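Okay, so here's the structure we're looking at.
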Amino acid sequence: MTDSFSNLSLAPTLARAVAEMGYESMTPIQAQAIPVVLTGQDVMGAAQTGTGKTAAFSLPLLQRLLKHENPSTSPARHPVRALVLLPTRELADQVAQQIKMYAKYTQLRSAVVFGGMDMKPQTLELKKGVEVLVATPGRLLDHIEAKNAVLNQVEYVVLDEADRMLDIGFLPDLQRILSFLPKQRTTLLFSATFSPEIKRLAGSYLQNPVTIEVARPNETASTVEQRFYAAQDEDKRRVIHKVLTDRGIKQAFIFVNSKLGCGRLARSLEREGLRTAALHGDKSQDERLKALEAFKQGEVDLLVCTDVAARGLDIKDVPAVFNFDVPFNAEDYVHRIGRTGRAGASGLAVTLVSPSDTRLVGDIEKLIKKQLEVETLQLDTQPAVPSAGKWGERPEDRPRARPYEGRRREEFDPRDALESPRRGGFRPAPISRDPFFEKPYEAPQTDVAPSWEPSGPKPVRSSISANIKPKRKVAALFKSGD
DNA sequence: AAAAAAC
């Protein structure tokens with residue numbers, strides 16, 4: 001099998017776009033999936049994160065649209081012929097942009113619709129007619145109900161991040177959407193992870209599918225160095241500071257399990273002098289896109305995010321991913337760490353493990369079929385010192401959070417009103433106490449800027465609660481640390 | 001134990 005795009009006999013218009021984008025050789029998933037998709041068969045495709053799945057389905061899809069005119073379509077009408085569904089808005093946006101680039105020199109038009117944005121511009125585009133529609137489920141249903149999108153001539157449907165699209169949270173919407181599509185069509189499912197149950201479920205949506213697995217499903221990229229560090233919750237930020245400094249890491253995704261925790265952690269890290277943006281589903285779409293863009297542009301170094309950012313986002317050269325919280329689903333672990341080490345680059349994934357996470361780490365170990373070791377990172381004596389921020393050093397100088405007035409909890413903290421990220425200096429700060437958001441934060445009263453270099457005696461670890469089952473080595477680590 | 005996706 002050859003692995004060069006030039007041997008694919010793609011339409012000249014597609015080949016030109018591909019060449020312009022600098023693509024020469026295909027990745028394994030592309031080399032295997034493209035010829036199959038070109039035949040028009042249903043496909044279930046599994047490949048590691050960051051290996052070019054989007055191109056693997058969109059190029060042959062566009063080729064099919066170019067070569068095989070739908071006979072029931074008069075040139076005057078432009079029904080949606082291909083539908084691509086994704087689980088998050090940012091991902092829909094990204095995939096749509098990619099498809100636009102591939103289709104640049106063709107007559108094929110594409111559009112993207114997702115929530116959080118004005119319906120009107122999307123409606124206008126749909127009315128003009130598009131052959132390829134990229135969408136998130138909820139907003140697509142809105143457009144279907146408003147009769148803006150007519151899907152009864154769809155020939156191809158792609159479920160990207162298919163296992164997520166088929167999980168319980170999305171399934172009802174997905175089934176409704178599929179009910180509007182012709183039974184006679186090609187269905188393509190792609191993901192880096194497929195659990196056996198989802199695989200079975202997926203099979204019921206496919207007809208004589210060709211299964212393509214270029215790696216063992218759920219496999220993590222070999223280019224990502226995976227580390228698990230034992231850390232109590234109150235030590236986790238210090239571990240992050242230390243890893244960033246020791247490794248000289250400039251940028252990282254930091255994943256947390258909740259939206260509330262996301263905002264809190266972002267504020268804490270920002271106060272500690274790191275340029276940080278937060279990305280989660282309670283932010284406005286404008287804020288979400290801005291946070292992502294600021295990270296891409298290097299205007300912020302840390303992107304603190306929920307699993308909204310776990311899948312598919314393709315940002316070049318992200319050197320590291322932290323799991324501040326161990327993800328609830330082992331599959332999400334695979335996707336999260338897939339934000340680094342993309343396209344053959346190297347990456348670091350650091351997961352912070354507290355004693356209660358034992359079971360979750362075990363789940364990950366089982367899923368990725370790798371022996372994991374939870375290590376203890378030697379922390380420095382000097383705890384992290386929060387920068388004083390623009391409101392001065394004493395807590396009483398800072399504006400108080402306003403009392404609850406029915407606003408979202410995320411909006412409590414006036415520091416969120418900061419327009420631009422600021423680089424706070426390391427200044428000695430008093431105990432900063434925010435009754436709404438923070439545990440009391442013990443900071444040293446010193447004029448010396450804290451050093452992150454290892455120094456001084458071993459840190460004193462706080463003892464853990466006694467009801468942790470010491471059955472696994474994780475718990476053992478905490479016990480012996482005392 | 002949560003998040004995501006519509007207004």
Side-chain angles (χ1 to χ4, degrees), chain A residues 83-96 112-123 126 133-149 159-178 180 191 193 198 233 253-266 278-285 287-289 291-292 303-313 323-336 339 353-364 408-410 465 467-468:
Chain A
L83 179 63
V84 183
L85 294 172
L86 300 116
T88 69
R89 299 164 178 178
E90 286 75 14
L91 205 44
D93 196 22
Q94 173 185 299
V95 167
V112 59
V113 299
F114 51 81
M117 309 276 280
D118 199 347
M119 286 277 283
K120 272 176 243 154
Q122 298 177 358
T123 304
L126 291 174
L133 181 56
V134 182
T136 51
R139 178 54 65 92
L140 178 61
L141 282 169
D142 270 0
H143 281 295
I144 293 173
E145 264 156 43
K147 305 256 190 272
N148 299 332
L159 306 187
D160 201 0
E161 306 298 338
D163 59 327
R164 167 63 79 243
M165 300 303 290
L166 291 168
D167 91 5
I168 195 69
F170 278 106
L171 198 56
D173 278 359
L174 182 68
Q175 280 173 327
R176 277 209 68 206
I177 291 169
L178 294 181
F180 292 101
S191 185
T193 53
I198 291 290
D233 286 340
F253 274 68
I254 301 182
F255 283 98
V256 295
N257 283 354
S258 77
K259 290 180 276 200
L260 191 60
C262 182
R264 285 179 183 174
L265 179 60
L279 175 58
H280 61 71
D282 271 355
K283 296 231 169 237
S284 71
Q285 196 52 36
E287 289 174 303
R288 282 167 63 162
L289 294 170
L292 202 56
L303 188 67
V304 182
C305 48
T306 60
D307 281 323
V308 71
R311 285 168 176 262
L313 291 184
N323 290 309
F324 190 86
D325 299 322
V326 183
F328 292 128
N329 299 115
E331 277 88 3
D332 288 332
Y333 173 82
V334 174
H335 289 279
R336 286 179 177 189
R339 295 320 100 215
V353 182
S354 75
S356 54
D357 298 326
T358 301
R359 173 195 291 268
L360 297 175
V361 174
D363 290 347
I364 294 169
R408 286 199 308 245
R409 284 212 275 181
E410 275 306 333
S465 59
N467 59 0
I468 302 296

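Because the structure is a prediction, the values reported are computed rather than measured.
- Closest contact between the side chain of A/Thr306 and the listed nucleotides B/dA2, B/dA3, B/dA5 involves B/dA3.
- Between A/Val308 and A/Arg288, the closest side-chain pair of non-hydrogen atoms falls below 4.5 Å.
- Between A/Arg176 and A/Asp173, none of the side-chain N atoms (NZ, or NE/NH1/NH2) sits under 4.0 Å from a carboxylate O, so this pair counts as no salt bridge.
- Taking the side chain as every heavy atom from C-beta outward, A/Asp163 and A/His335 approach each other to under 4.5 Å.
- Residue A/Arg311 is out of contact with every strand shown, counting any heavy-atom pair closer than 4.0 Å.
- Side-chain contact between A/Thr193 and A/Arg311 is present, with at least one heavy-atom pair separated by less than 4.5 Å.
- If you measure from atom NZ of A/Lys283 to atom P of B/dA3, you get 14 Å, rounded to the nearest angstrom.
- Taking atom CZ on A/Arg176 and atom C1' on B/dA6, their separation rounds to 11 Å, with Å as the unit.
- Taking atom CD of residue A/Gln285 and atom C1' of nucleotide B/dA6, one finds them 12 Å apart after rounding to whole Å.
- Each of A/Met117 and A/Asn329 lies near DNA chain B, and the nucleotide nearest A/Asn329 is the one positioned closer to the 5' end.
- If you take CG of A/Leu260 and C1' of B/dA2, they are 12 Å apart, rounded to a whole angstrom.
- Note on A/Arg336: every side-chain N or O is 4.0 Å or more away from OP1 and OP2 of B/dA3.
- Residue-level contact check: A/Gly281 touches the backbone only, with heavy atoms under 4.0 Å from sugar-phosphate atoms and none from bases.
- Here the side chains of A/Leu140 and A/Ile144 are in contact, with some heavy-atom distance below 4.5 Å.
- B/dA4 atom P lies 19 Å from atom CG of A/Leu85, rounded to whole Å.
- Spacing between atom CG of A/Asn257 and atom C1' of B/dA4 amounts to 14 Å, rounded to whole angstrom units.
- Phosphate contact (OP1/OP2 of B/dA6, side-chain N/O of A/Arg89, threshold under 4.0 Å): present.
- One interatomic measurement links the two molecules: CG of A/Asp163 to C1' of B/dA3, which rounds to 14 Å at whole-angstrom precision.
- We find that CG of A/Asp142 is positioned 14 Å from P of B/dA5, with the value rounded to whole Å.
- Proximity note for A/Pro137 (side chain, C-beta onward) versus B/dA3, B/dA5, B/dA2: the nearest is B/dA5.
- Across all strands, A/Leu360 comes closer than 4.0 Å to base atoms (heavy-atom distances).
- Distances from the side chain of A/Thr88 to the nucleotides B/dA2, B/dA6, B/dA4 place B/dA4 closest.
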